[in-house]
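Nothing fancy with the numbering, it's 1 onward along the sequence. This is a predicted model, so every value here is computed, not measured.
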Amino acid sequence: MAKLRHIAISVKDPEATAQFYESAFDLQRVGKTDSTLAEGIYLSDGVMNIALLSYKTDEMAGYEEGEDERGKDFEGIHHMGFVVDNLEETEKKIEDAGGKYLMGRPPLDGIPSTFYEMKFRDPDGVIIDVTH
């Protein structure tokens, strides 16, 4: 079983965008990131999360040559994330349904030292994060 966990929006200025969603929709800040992947702010309504991300490189934004425009300068809804019961089973279901693996694998020892997500593309090229 999968549950929608978050929607990520690629933005130029996470702080300004966060202030908008806080003021317009009373969303609450629940986290912040500044990693090699992106700078960002996480907001929540208590059930769903929105990740406001400013990607640092085209590669980290999931750009693939000739496939799409989702480089670091892309603005708009970037991807969505799902929490699943079984990552291996879900990977097979995604691929059987026409999706393809993009990046990210859990640590081989089974004990993650940091939060991770596997990334896939659906048949239309939309990026999907999957974690358990």
Side-chain angles (χ1 to χ4, degrees):
M1 179 175 183
K3 297 216 179 235
L4 188 60
R5 184 177 69 91
H6 74 268
I7 295 176
I9 304 173
S10 183
V11 300
K12 286 186 182 191
D13 184 344
E15 179 61 38
T17 305
Q19 289 176 14
F20 166 79
Y21 282 99
E22 288 169 321
S23 295
F25 299 105
D26 299 319
L27 297 183
Q28 301 296 307
R29 286 181 195 227
V30 294
K32 190 172 185 173
T33 187
D34 190 2
S35 68
T36 56
L37 177 82
E39 174 186 346
I41 296 173
Y42 303 107
L43 303 174
S44 181
D45 66 0
V47 176
M48 286 290 299
N49 293 337
I50 295 177
L52 304 172
L53 302 172
S54 177
Y55 288 94
K56 293 185 177 180
T57 68
D58 288 338
E59 179 185 9
M60 291 295 105
Y63 175 79
E64 288 186 333
E65 188 72 36
E67 290 202 12
D68 67 35
E69 71 287 347
R70 281 187 190 86
K72 66 181 180 64
D73 296 324
F74 172 81
E75 292 181 63
I77 295 178
H78 186 273
H79 68 269
M80 62 186 137
F82 288 86
V83 175
V84 300
D85 293 330
N86 184 306
L87 195 56
E88 289 176 3
E89 186 178 294
T90 301
E91 179 176 12
K92 182 176 178 355
K93 288 171 69 174
I94 290 169
E95 290 172 348
D96 288 350
K100 70 175 191 167
Y101 172 80
L102 179 61
M103 68 172 82
R105 294 265 183 222
L108 295 176
D109 61 12
I111 303 170
S113 59
T114 173
F115 182 77
Y116 71 90
E117 293 167 332
M118 290 181 68
K119 294 186 184 302
F120 297 86
R121 286 189 184 270
D122 76 5
D124 295 312
V126 175
I127 297 173
I128 301 168
D129 287 347
V130 179
T131 192
H132 74 281

Check step by step if side-chain contact (heavy atoms from CB on, under 4.5 Å) holds for Leu43 and Tyr21. CA-CA 8 Å; Leu43 303 174; Tyr21 282 99; 3.5 Å; yes

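- For His132 (side chain) and Val83 (main-chain N/O), no donor-acceptor pair under 3.5 Å exists by modelled atom type.
- A salt bridge links Asp34 with Lys56: at least one charged nitrogen is closer than 4.0 Å to a carboxylate oxygen.
- Smallest separation of non-hydrogen atoms from Ser10 and Tyr55: OG-CD1, 3.8 Å.
- Using a 4.5 Å cut-off on side-chain heavy atoms (C-beta onward), Leu53 and Ile9 make no contact.
- Shown here for Tyr101 and Glu91, the closest heavy-atom pair between the two residues is CD1-OE2, 4.3 Å.
- One finds a salt bridge joining Lys12 and Glu75 here, because a Lys/Arg side-chain nitrogen approaches an Asp/Glu carboxylate oxygen to under 4.0 Å.
- One finds the CZ atom of Arg121 at 11.5 Å from the NE2 atom of His79 (value rounded to the nearest 0.5 Å).
- Shortest non-hydrogen contact noted between Ser44 and Gly46 is OG-N, 2.8 Å.
- Under a hydrophobic clustering in which Ile, Leu, Val, Met, Phe, Trp and Tyr are joined whenever their side-chain heavy atoms come within less than 4.5 Å, directly or via other members, Leu87 and Leu4 fall into the same cluster.
- With salt bridges taken as basic N to acidic carboxylate O contacts below 4.0 Å, none links Asp58 and Lys72.
- By the 4.5 Å heavy-atom criterion applied to side chains, Val130 and Ile128 are counted as neighbours.
- The hydrophobic clustering, which links ILVMFWY residues whose side-chain heavy atoms are closer than 4.5 Å, places Val84 and Met48 together.
- Remark: Glu15 engages Arg29 in a salt bridge, criterion side-chain N to carboxylate O under 4.0 Å.
- Taken together through direct or relayed side-chain contacts under 4.5 Å among Ile, Leu, Val, Met, Phe, Trp and Tyr, Leu52 and Phe20 form part of one hydrophobic cluster.
- Residues Leu37 and Thr57 fail the side-chain proximity criterion, which asks for heavy atoms closer than 4.5 Å.
- Atom-to-atom distance recorded for Met80:CE and Asp129:CG is 10.0 Å, nearest 0.5 angstrom.
- Checked against side chain to side chain contact (heavy atoms under 4.5 Å, CB included), Glu89 has the following partners two or more places apart in sequence or in another chain: Asn86, Lys93.
- The same ILVMFWY cluster, assembled from side-chain heavy atoms under 4.5 Å apart, contains both Met60 and Tyr42.
- Side chains of His78 and Ile127 form a contact here, defined as non-hydrogen atoms less than 4.5 Å apart.
- Here the NZ-CD1 distance, from Lys100 to Ile94, works out to 13.5 Å after rounding to the nearest 0.5 Å.
- Not one N or O on the side chain of Asp45 forms a donor-acceptor pair closer than 3.5 Å with the backbone of Leu27.
- Taking the ring centroids of His6 and Phe82, they lie at or beyond the 6.0 Å cut-off.
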